[in-house]
Each structure stands twice: as C-alpha cells, then as structure tokens.
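Here the structure comes first, spelled out in structure tokens, and everything after it is commentary.
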Amino acid sequence: MDETLDQVEFRKKKLEKLKEKGIAPYPYKFVRTHLARKLKEDFETLKGKEVSACGRIRAIRIHGKSSFMDLQDYSETIQIYLNADTLPLDYDLIELLDIGDFLGVKGKLMKTRMGEVTIWVGDLTILSKSLHPLPEKWHGLSDSEERHRKRYLDLIANEESVRVFKTRSLIIQEIRDFLNKRNFLEVETPILQPEYGGGFAKPFTAYQESLKKNLYLRIADELYLKRLIIGGMERVYEIGRDFRNEGLDRFHNPEFTMLELYQAYADYKDMMEIVESLFGRLLERFVGSSEIKYQGKVISFEEGWERLSYFGALGEMTGIDFKTLSFEATKKEALKLGINIEGLFTKGKVLEAIFEWVVEPKIERPTFIMDYPKDISPLAKDKRDEEDVVERFEPFLGGMEIGNAYSELNDPIEQRKRFLSQAALRKKGDAKTESLDEDFLSAMSYGMPPTGGLGLGIDRIVMILLDQPSIRDVILFPLLR
RNA sequence: GGGUCGUUAGCUCAAUAGGUAGAGCACCGGCCUUUUAAGCCGGGGGUCGCAGGUUCGAUUCCUGCACGACCUACCA
C-alpha cells in the first residue's frame, strides 16, 4: 500500500475519528439473515419485514440528509437506504464511510420509487474499515498483470472473473460426483517423490534436510495410483497438482491440476467411454448445448468423438505412411517439413514432433487420437494385433490436447525392458525419458490386474467450457515472471 | 531464446511533429431527505515504468534494463 497516497491519509483520519466516537472499526462478527440475492428473489414474502445483510460498500450516493449505498456480498449487490430521521445513530457517521468498507445493516425491506429492492436501515455496524481505494466501479480492473497478481482486486471488480472461478469449482465437484457414482475412490498420493515418473517432463527438485535426500515434485500421479491398483483398490482417482519445470504460455502453467483415474479389469476403450460420458455431463450442466463456442470457434459434440489412429491421421495429412519408414527416412521427412529434430533420438520422438506440427492444429472436432508409437509410450500395453504400437489415446478438443489414456502395461518383465530402453535414451542425452523406478517394478511383480488409466488436464477443460483464452484466466494465482 | 506492441493520477484512458501533462470515475470542501454510472458549484492529486545518452531543455528522440500482452520457438 502506498502510505503517502492522499486517499489513504483521508481514510486513516476517518478511522481515527471512528475510534474517537467509540466505534470499533474491526469488530468480530455479524449475524445476517439473508444474502442479497435472496432478498431480491423473495421480496414478495420479505416485504416490510426486518432483515439483516452485510457486505462491502461498492457505491455511495449521498443526498444531504438521506443516502443510498450499494452493498456487495458473495451473492450479489443490494441497495441500502439511510435516512437522518430514522437512523438511530449519528447520521454524520455516514461521512466516515468509504467505498470498500464492510458494513452490516438491519432494517425493513422495501422498494424505492424506481422499483429497486432496498433495505431501509434502522441499525448499522461498521465491520471493517478499508484504507485503500478500490479499482474504479465502471471499467473495473483490466490491467492483466494486476488482475493476476492482485487476484483479490480482480474478484472484487470483475463479476466475470468470479463466475469463472465459482464455475471451475463446480466443474471439479461434478467430476468428483461422476466418478464417485461409478465407485471410484478418491485418494491422495505423494507430491514429493524420490523418483519422478508417469510422463516425459523436466521436474522441479526439492531437498529434505533431515533425510539429506533429494526429492522431486511430481510430474504425474500415475505410478503411485497403479501401486494402489496392485494393492487391490480397483477404482481410484486423484485430482491434484502436478509440476513441470518447463516454459509457460497460454496453455502451460508450471503447476496445474490433473485428474488421473485407474480402473482394474478395463482397457483404453473403457477410458474412451468415461471421457464421452463425463463430457456429456459437463456439457449438459455447464454449457447447456452439444456445441461449445471456444474463442470464436465452434466445437460440436453433435456427432460424438471422432476416432483416428495416430498413423492414419499422420498419413492423411502428409500422404506418407510413416509406419513402415525407417528412423533415418522419418528424420528426412521431418526436415523436409521444416521441423527441428535436434535432441530427438527415436523415431517416435520425431513422429511426435511431426504430429504436433502437422496434425494437432487441424484437429477441429472432439477427437480421440489412438494407437501411439511404442517407444514414446513406455507405460502402455502393446496393441492387440499390431506391431510397435500401443493401446493409448489422447483426447483433443479445439486443437488442444486435454488428456492421455492407456491400456496399462502390467507385465513386469516387459515393463523393465521398457524402462531400460528409456535409460539408454537418457544416456544418449535425451532429457525427457521415463525414470527406472525399481520400487514400482517390484510392486508390479506381485501381479497387477489388467487396467485402464486416464489423465485429464482440468485447467484446459475449464478453459474450453468457460471460453477462456489463457490458462492464467482459470488459475487463481498463476505463476508470473 | 527471437519478433511486435505496450507501461502517463488510486482506476479507465487522452495529449505533446522536444518547451515537465488532461478527462471521467475515485478523493477533499459546499448544497441537496427515494438516488442508482445521482446531480450542481468549487478544489487537491503525477519522479509521464527504471537507468543512462543526445539537447539550452526529454513524458516525447536514442540506448539499455524491468514488467506485461500477443506471435514465434521450446514444452506430454
């Protein structure tokens, strides 16, 4: 706070005057009977009755011996009316109030000549004195840096922002409800992990003093949730924060919220069914249509989710059958397409680069891209009846990747081989490989049932459902430079 | 990392072909007992993002830096 700001000085003087009058500017509690919205909704039954409300002053209109104020609470804004003849306490007190102060009022509910539902205040309590002026009432707060750094001001000033975060919360509740009804159990697994796994990403590191041990912030929940499947918890999920030590842009925040779920005796097709049903629920409740408008584009669910194979989609876009190409030939094609293949040590990684460049931007409809190359999917099970491909899919919406799912690999001998080939790649200099996790292998060797697993990026789903352009608009306190 | 644009009052924004800045809201004083972006009269408030340079003089021109937005690259 800028202590020298004259407006702050004026407010501090008012605070002193309140104290001189024997009024406590920061009391402890207020009992309210109704939220602002309730007062408006139930006006007919509450009309003329004594009610109480509390909130923050958002506007003051003084007309000499009577004045109006707008009081904003969690639900809405309600107008209050203060009249010198009917206010039991000193009317001059009004002069000591400012926009931003918290007030509790009691009085009769009425309507003004203009038809506005209003509390005719009989008793007034100052609940908190505000010392710093709020952002302007009409234009709100639009400076994006201030909005993200001082989210509290954004929430006070911008209704839309409140709506986004309230709805984000409801979306997550709905997802929990959906999974709970299918007998999934919500669990919590470690965020601080001695080995990181479940994805190809650079981790954050941490240090535990008393154990003198290096730890990683998790990049995924996967390997711990699978341990629970091995332990006999047949359906588990976790909604939690993952951390990836990579660049930030409109789709990436270093910490983000991920849903992961695992279902024993299921495969990746069952995971597709879950995605379809879940989106059906979310669309019904939060969009109210089978079409989502996202940033001017229409994403239609009318015809359901399209299923495209990874190699099929690549072939369609490029006219090349990459399936049969050698690593060397694949690299040549990538270079022809102008793709940087530095640091890519397998055919799968090169294909991935080509895929992101050529295919992803063109995926318009809700789509499951299926059957990924084996060498970039070390935790997924071989596809039945097809070589070098695994049972894995990623759901795409509006050109955005929103998740990842497999028929989970549950053969411990094969899993060890996959880890070893990842380790070999790491030796060659590939920074983004799966770590060999002995404890996980050991767990799997006790026997793991066939399992379907699914991860969904919650932030991105919220972005799409609420038509928000940046991940920073759906995370309350995004990381800023 | 590269490119483009931006940063002026508490907030939202103007202006200056180089002569140290204005409006609305907010704030202060006055009038006003049903207003609602209340109104009318009067007033105060600025290291023009930061640091250098050019110049008699820089908010304005130049360079660097910080922060931000977008694009691009990177990124399961």
Side-chain angles (χ1 to χ4, degrees), chain A residues 1-2 4-11 13-14 58-70 77-87 91 94-95 98-100 110-118 120 130-150 153 156-158 197-202 219-220 222 242 244-254 256 258 338-340 342-343 348-349 352-353 355-357 360 369 372 376-379 392 394 400-406 431-434 455 457 460 469-470 472 480-481:
Chain A
M1 183 167 70
D2 183 358
T4 61
L5 190 65
D6 63 344
Q7 296 197 34
V8 172
E9 283 307 311
F10 285 122
R11 286 175 179 226
K13 277 183 195 141
K14 290 177 183 177
R58 289 308 310 279
I60 299 177
R61 296 177 289 280
I62 295 178
H63 305 251
K65 294 277 177 269
S66 80
S67 29
F68 293 90
M69 296 185 190
D70 294 337
T77 300
I78 183 83
Q79 179 167 266
I80 63 173
Y81 177 61
L82 305 148
N83 186 303
D85 297 336
T86 56
L87 199 63
Y91 184 78
I94 304 286
E95 287 176 7
D98 285 299
I99 290 170
M110 57 125 179
K111 259 188 190 172
T112 62
R113 272 184 216 155
M114 304 303 288
E116 178 90 16
V117 175
T118 301
W120 190 320
S130 155
L131 295 181
H132 201 281
L134 288 177
E136 196 232 5
K137 62 184 171 189
W138 195 240
H139 298 94
L141 183 71
S142 63
D143 181 87
S144 72
E145 185 181 358
E146 285 283 284
R147 284 188 50 220
H148 296 134
R149 273 191 213 284
K150 299 191 174 177
L153 290 182
I156 292 166
N158 300 316
F200 299 151
K202 284 181 230 156
I219 59 169
E222 180 156 0
D242 286 351
R244 299 188 181 178
N245 207 343
E246 282 156 9
L248 42 173
D249 60 28
R250 137 182 130 74
F251 304 105
H252 300 265
N253 195 62
F256 60 99
M258 184 86 136
I339 294 161
N340 178 13
E342 222 175 301
K349 291 251 170 153
E352 197 173 31
F355 191 87
E356 278 173 22
W357 184 252
E360 277 190 21
I369 297 289
Y372 279 66
I376 53 168
S377 315
L379 301 166
R392 169 184 178 187
E394 291 193 347
M400 215 187 291
E401 174 199 334
I402 58 157
N404 192 10
Y406 317 136
K432 291 180 180 174
T433 55
E434 195 68 46
R460 289 184 179 177
S470 167
R472 286 187 295 266
L480 301 170
R481 268 216 279 178

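A quick note: this is a predicted structure, and the numbers were derived from the prediction, not measured. So you know, we letter chains A, B, ... as the sequences are listed, proteins then strands, and number each from 1.
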For the side chain of [X] and the base of [N], is some donor closer than 3.5 Å to an acceptor across the two?
X: Ser142(A); N: rU12(B); result: no
X: Gln79(A); N: rU35(B); result: yes
X: His252(A); N: rC75(B); result: yes
X: Arg113(A); N: rU34(B); result: no
X: Arg58(A); N: rA37(B); result: no
X: Gln7(A); N: rA26(B); result: yes

Sugar-phosphate, base or nothing in reach of [X], heavy atoms under 4.0 Å:
X: Asp70(A); result: nothing
X: Gly140(A); result: sugar-phosphate
X: Glu352(A); result: base
X: Arg472(A); result: sugar-phosphate
X: Glu145(A); result: sugar-phosphate
X: Arg11(A); result: nothing
X: Leu134(A); result: nothing

To the nearest angstrom, how far is [X] atom [atom1] from [N] atom [atom2]?
X: His132(A); N: rC27(B); atom1: NE2; atom2: C1'; result: 12 Å
X: Asn245(A); N: rA76(B); atom1: CG; atom2: P; result: 13 Å
X: Ile60(A); N: rC25(B); atom1: CD1; atom2: P; result: 15 Å
X: Tyr91(A); N: rC32(B); atom1: OH; atom2: P; result: 11 Å
X: Arg61(A); N: rU34(B); atom1: CZ; atom2: P; result: 13 Å
X: Lys65(A); N: rC32(B); atom1: NZ; atom2: C1'; result: 9 Å
X: Ile339(A); N: rC74(B); atom1: CD1; atom2: C1'; result: 14 Å

Legend entry - salt bridge (Lys or Arg N to Asp or Glu O under 4.0 Å) partners for Glu246(A), two or more places apart: Lys432(A)
What interatomic distance, in whole Å, is found between [atom1] of [M] and the corresponding atom of [N]?
N: rC50(B); M: rU7(B); atom1: P; result: 13 Å
N: rG45(B); M: rA9(B); atom1: C1'; result: 7 Å
N: rC48(B); M: rA21(B); atom1: P; result: 11 Å
N: rA58(B); M: rA51(B); atom1: C1'; result: 14 Å
N: rG44(B); M: rG49(B); atom1: C1'; result: 25 Å
N: rA76(B); M: rG3(B); atom1: P; result: 25 Å

By nearest atom, which of the nucleotides [options] is closest to the [X] side chain?
X: Met110(A); options: rU34(B), rC27(B), rA37(B); answer: rU34(B)
X: Asp98(A); options: rC28(B), rG10(B), rU35(B); answer: rC28(B)
X: Thr112(A); options: rU35(B), rA76(B), rU12(B); answer: rU35(B)
X: Thr118(A); options: rA76(B), rU35(B), rC27(B); answer: rU35(B)
X: Ile99(A); options: rA76(B), rC67(B), rA26(B); answer: rA26(B)
X: Glu136(A); options: rA26(B), rA76(B), rG24(B); answer: rG24(B)
X: Ser144(A); options: rG10(B), rU35(B), rG68(B); answer: rG68(B)

Inset, instruction - Nearest-nucleotide wise, let me know which of Arg250(A) and Gly199(A) is further upstream toward the 5' end of RNA chain B. - result: Arg250(A)
Inset, instruction - Let me know, please, whether Ala201(A) or Trp357(A) comes out on the 5' side of the other along RNA chain B by nearest nucleotide. - result: Trp357(A)
Hunt down the Watson-Crick or G-U wobble partner of [N], both distances under 3.5 Å, from any strand shown, or write none.
N: rA17(B); value: none
N: rU33(B); value: none
N: rA51(B); value: rU63(B)
N: rC75(B); value: none
N: rC70(B); value: rG3(B)
N: rA9(B); value: none

Inset, instruction - Ignoring backbone atoms, establish whether Lys14(A) has a side-chain N or O less than 4.0 Å from OP1 or OP2 of rC28(B). - result: yes
Inset, instruction - Ignoring backbone atoms, test whether Lys137(A) places a side-chain nitrogen or oxygen under 4.0 Å from the OP1 or OP2 oxygen of rA26(B). - result: yes
Inset, instruction - Start with the C-alpha distance between Tyr406(A) and Glu222(A), add both sets of side-chain angles, then the distance that settles side-chain contact (heavy atoms from CB on, under 4.5 Å), and finish with yes or no. - result: CA-CA 11 Å; Tyr406(A) 317 136; Glu222(A) 180 156 0; 3.3 Å; yes
Legend entry - Residues, nucleotides or ligands: over 12 heavy atoms within 6.0 Å of Lys150(A) NZ: no
Inset, instruction - Specify whether Tyr81(A) and Trp120(A) have parallel, tilted or perpendicular ring planes, treating 30° as the upper limit for parallel and 60° as the lower limit for perpendicular. - result: perpendicular
Inset, instruction - For the residue pair His63(A) and Phe68(A), categorise the inter-ring angle as parallel (less than 30°), tilted (30 to 60°) or perpendicular (more than 60°). - result: perpendicular
Inset, instruction - Give the intermediate values and the outcome of side-chain contact (heavy atoms from CB on, under 4.5 Å) for residues Gln79(A) and Lys111(A). - result: CA-CA 10 Å; Gln79(A) 179 167 266; Lys111(A) 259 188 190 172; over 6 Å; no
Legend entry - Donor on one side chain, acceptor on other, Arg472(A) and Asn253(A), under 3.5 Å: no
Inset, instruction - Please determine, by modelled atom types, if Glu394(A) and Tyr372(A) share a side-chain donor-acceptor pair under 3.5 angstrom. - result: yes
Inset, instruction - Go through the steps to decide whether Phe256(A) and Arg244(A) satisfy the test side-chain contact (heavy atoms from CB on, under 4.5 Å), and finish with yes or no. - result: CA-CA 8 Å; Phe256(A) 60 99; Arg244(A) 299 188 181 178; 3.6 Å; yes
Legend entry - Check: Leu141(A) main-chain N/O paired with Glu136(A) side-chain donor or acceptor under 3.5 Å: no
Inset, instruction - Could you check if the base of rA17(B) is syn or anti? Syn means the glycosidic torsion is within 90 degrees of 0. - result: syn
Legend entry - Phe200(A) over rA76(B), stacked by centroid distance under 5.5 Å, angle under 30°: no
Legend entry - Within residues 80-87 of chain A, residues whose heavy atoms come under 4.0 Å of RNA chain B: Tyr81(A), Asn83(A), Asp85(A)
Legend entry - CD-CG distance between Gln7(A) and Leu131(A), expressed to the nearest 0.5 angstrom: 12.0 Å
Legend entry - salt_bridge(Lys65(A), Asp85(A)) N-O dist < 4.0 Å: no
